[in-house]
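Structure first, then comments.
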Amino acid sequence: MNQQDLGNRLKKARENAGLSQQIAAETLGLPRTAITHMEGGNRSVSTLELTRLAALYHQPVNVFFEESGEEEDMLVALYRALPGLHDQPEVKDQVNRYLDWCREGCNLERILGRDHRSGPPTYSVNVPRNVGEAVSQGARIADQERKRLDLGHAPIPDMSELINEQNIWASGADFPDSISGLFLSHSSIGLAIFVNSGHTKARKRFSYAHEYAHALMDRDAQVTVSQTENASDLVEKRANAFAAAFLMPADGIAAMLKNLDKGSPSKAEQMIFDVATEGRIDTSIRSSASDQRITYQDVAIIAHHFGVSYQAATYRLRSLNHISPRECDELLGKVDIGREYLDLLDFTSDLEGRESQSTIHRELRSHIVHLAIEAYRREEISRGKLRDIAKSLDIPSEKLINLAEEACNG
């Protein structure tokens, strides 16, 4: 690495820390012009000076000597995963914007001495060889992850909040309709998940769970894009199976059916078949079997309970053998009636509604704001840096500064 590259990295680290050249110079006991020459690549930097600057900037010394710029690496990976990104500048701008937010958050965490964002554990699974194996792997890992998080079989109130609690940046993003989600893994940001903010609430929840599957099982892939054109890929099918099982656990489905006083329709059908093969007519058995049959109302209530779409609930019931293939097709044919039923109960907006623009980035932005105020309270960043963060997050800078000052006074 030449002096010019080192100087550029020293300058970037100082600016990220929100410090002036004067403060850096005073730390080293040098005139400010010495820092100017270092950052301009016009002066060598001793090992002791690098060590003291790294401590001042809350960075490990080796960050100044990495072979390639992290941002460039991430963009290369994005272009590889999304070959058409050159023709979609709005998508590129969106992703870059959120990456900047994540980098800012990571930098603030470093300044505050927080542990590196390692994220949840990685589950070691082989690349699935067929659809059956992909589905089996996804369902198995979903069950293990639910147990690790001690979720029981209850619905998950907020997937984005759960993901953020696992040290993964999570947010909605303005993507084209064909892209449902994006998973990123990189040393500059840790792990990040972005889902299409234009999709319905139920679809977004499923997308969050889908991308969470990639974070657990496909972390070696720097970028994973979930879109229409790769929906048939086995790793995508595995992520879908994970999402269905994670959002709608088998025990939870069984408990819902019990509450609805519904047994297993497959068993009911077997009762009718047994009677028919014996040549008997038993109307009581046929009536009992009919009572046990899962209807579109049941599917709609289950869908609302777990916060998923009517179709997702239907497919989950089929995968758990609560309904037969024929019944699955019949119920899917009644999706519009199911929606009408949810609308009658005033449940439609919970699933089919869309989030307001103000809530799309709420979790991600609130976490960064909290970090920024805490860093300012500890005098780790300047007022100017606080103003830059506010501008980046599209929030009123004076309001953020006032709140930070109040935190200092409190």
Side-chain angles (χ1 to χ4, degrees), residues 16 18 70-71 74 78 90-112 114-120 156-175 179-201 203-216 219 222-226 354-376 381 385-397 399-400 403-404:
N16 285 341
E70 292 176 339
E71 184 176 8
M74 180 63 79
L78 278 171
E90 69 284 355
V91 178
K92 177 182 175 183
D93 291 343
Q94 282 284 312
V95 173
N96 281 336
R97 181 189 186 200
Y98 301 136
L99 288 178
D100 285 342
W101 287 10
C102 294
R103 290 191 189 97
E104 190 65 75
C106 287
N107 180 58
L108 289 169
E109 288 179 333
R110 280 195 299 269
I111 288 174
L112 293 170
R114 304 277 178 91
D115 293 335
H116 176 70
R117 298 175 67 87
S118 58
I156 298 172
D158 191 323
M159 270 304 303
S160 64
E161 182 178 343
L162 181 147
I163 290 171
N164 273 298
E165 288 173 352
Q166 299 308 304
N167 287 323
I168 301 176
W169 304 110
S171 176
D174 298 328
F175 292 148
I179 298 177
S180 60
L182 183 68
F183 166 67
L184 303 171
S185 174
H186 196 267
S187 59
S188 64
I189 61 170
L191 308 177
I193 288 174
F194 303 109
V195 301
N196 196 318
S197 58
H199 288 169
T200 63
K201 293 178 181 178
R203 187 173 178 184
K204 280 185 62 181
R205 282 173 58 79
F206 199 89
S207 294
Y208 270 126
H210 179 106
E211 300 307 324
Y212 188 53
H214 288 313
L216 296 173
R219 202 173 302 181
Q222 196 171 23
V223 179
T224 301
V225 183
S226 300
R354 287 171 168 77
E355 288 186 334
S356 63
Q357 194 67 28
S358 62
T359 63
I360 290 174
H361 319 296
R362 184 168 54 192
E363 288 293 333
L364 176 59
R365 190 157 51 181
S366 65
H367 187 62
I368 297 173
V369 167
H370 177 79
L371 291 171
I373 291 177
E374 183 64 14
Y376 183 80
I381 61 173
K385 180 61 176 178
L386 202 60
R387 194 182 303 276
D388 290 340
I389 291 173
K391 182 179 179 181
S392 171
L393 298 175
D394 295 327
I395 58 177
S397 58
K399 180 174 287 189
L400 178 59
L403 289 172

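Quick caveat: nothing in here was measured; it's all calculated off a predicted structure.
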Shortest non-hydrogen separation from [X] to [Y] and the atoms involved:
{"X": "E104", "Y": "I389", "value": "CD-CG1, 3.9 Å"}
{"X": "G105", "Y": "L371", "value": "O-CD1, 3.6 Å"}
{"X": "A192", "Y": "C102", "value": "CB-SG, 4.3 Å"}
{"X": "H214", "Y": "S226", "value": "NE2-OG, 3.7 Å"}
{"X": "S185", "Y": "L191", "value": "OG-CD2, 3.4 Å"}
{"X": "I189", "Y": "C106", "value": "O-SG, 3.3 Å"}

Query - D394 and R365: CA distance, side-chain angles, deciding distance, side chain to side chain contact (heavy atoms under 4.5 Å, CB included) verdict - result: CA-CA 10 Å; D394 295 327; R365 190 157 51 181; 4.2 Å; yes
Backbone of [Y] reached by a side-chain donor or acceptor of [X] within 3.5 Å:
{"X": "S392", "Y": "D388", "answer": "no"}
{"X": "W101", "Y": "L364", "answer": "no"}
{"X": "R219", "Y": "A215", "answer": "yes"}

[X] versus [Y]: any side-chain heavy-atom pair under 4.5 Å?
{"X": "L216", "Y": "P120", "value": "yes"}
{"X": "L400", "Y": "I373", "value": "yes"}
{"X": "H199", "Y": "F175", "value": "no"}
{"X": "L182", "Y": "V223", "value": "yes"}

Taking atom [atom1] of [X] and atom [atom2] of [Y], what is their separation to the nearest 0.5 Å?
{"X": "L108", "Y": "R114", "atom1": "CG", "atom2": "CZ", "value": "9.5 Å"}
{"X": "E165", "Y": "H367", "atom1": "CD", "atom2": "NE2", "value": "11.0 Å"}
{"X": "L393", "Y": "S366", "atom1": "CG", "atom2": "OG", "value": "10.0 Å"}
{"X": "Y376", "Y": "L403", "atom1": "OH", "atom2": "CG", "value": "12.0 Å"}
{"X": "I193", "Y": "I163", "atom1": "CD1", "atom2": "CD1", "value": "4.0 Å"}

Requested in this report: Let me see the working for Y208 and L162 under side chain to side chain contact (heavy atoms under 4.5 Å, CB included), right down to the final yes or no.
Outcome: CA-CA 10 Å; Y208 270 126; L162 181 147; over 6 Å; no
Query raised in the report: Quick one: salt bridge (Lys or Arg N to Asp or Glu O under 4.0 Å) pairs with a partner in residues 366-376, sequence neighbours left out?
Result: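 Residue pairs with at least one partner in residues 366-376: E374-R377, E374-R378.
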Report task. Test R110 against N107 for side chain to side chain contact (heavy atoms under 4.5 Å, CB included), laying out the working first. Result -> CA-CA 5 Å; R110 280 195 299 269; N107 180 58; 3.6 Å; yes
Report task. Apply side chain to side chain contact (heavy atoms under 4.5 Å, CB included) to the pair F194 and L184, showing each step before the final yes or no. Result -> CA-CA 9 Å; F194 303 109; L184 303 171; 3.8 Å; yes
Query raised in the report: Do S180 and H210 have side-chain atoms, one donor and one acceptor, less than 3.5 Å apart?
Result: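 No.
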Query - Basic-acidic side-chain contact under 4.0 Å: D100, R103 - result: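 So D100 pairs with R103 through a salt bridge.
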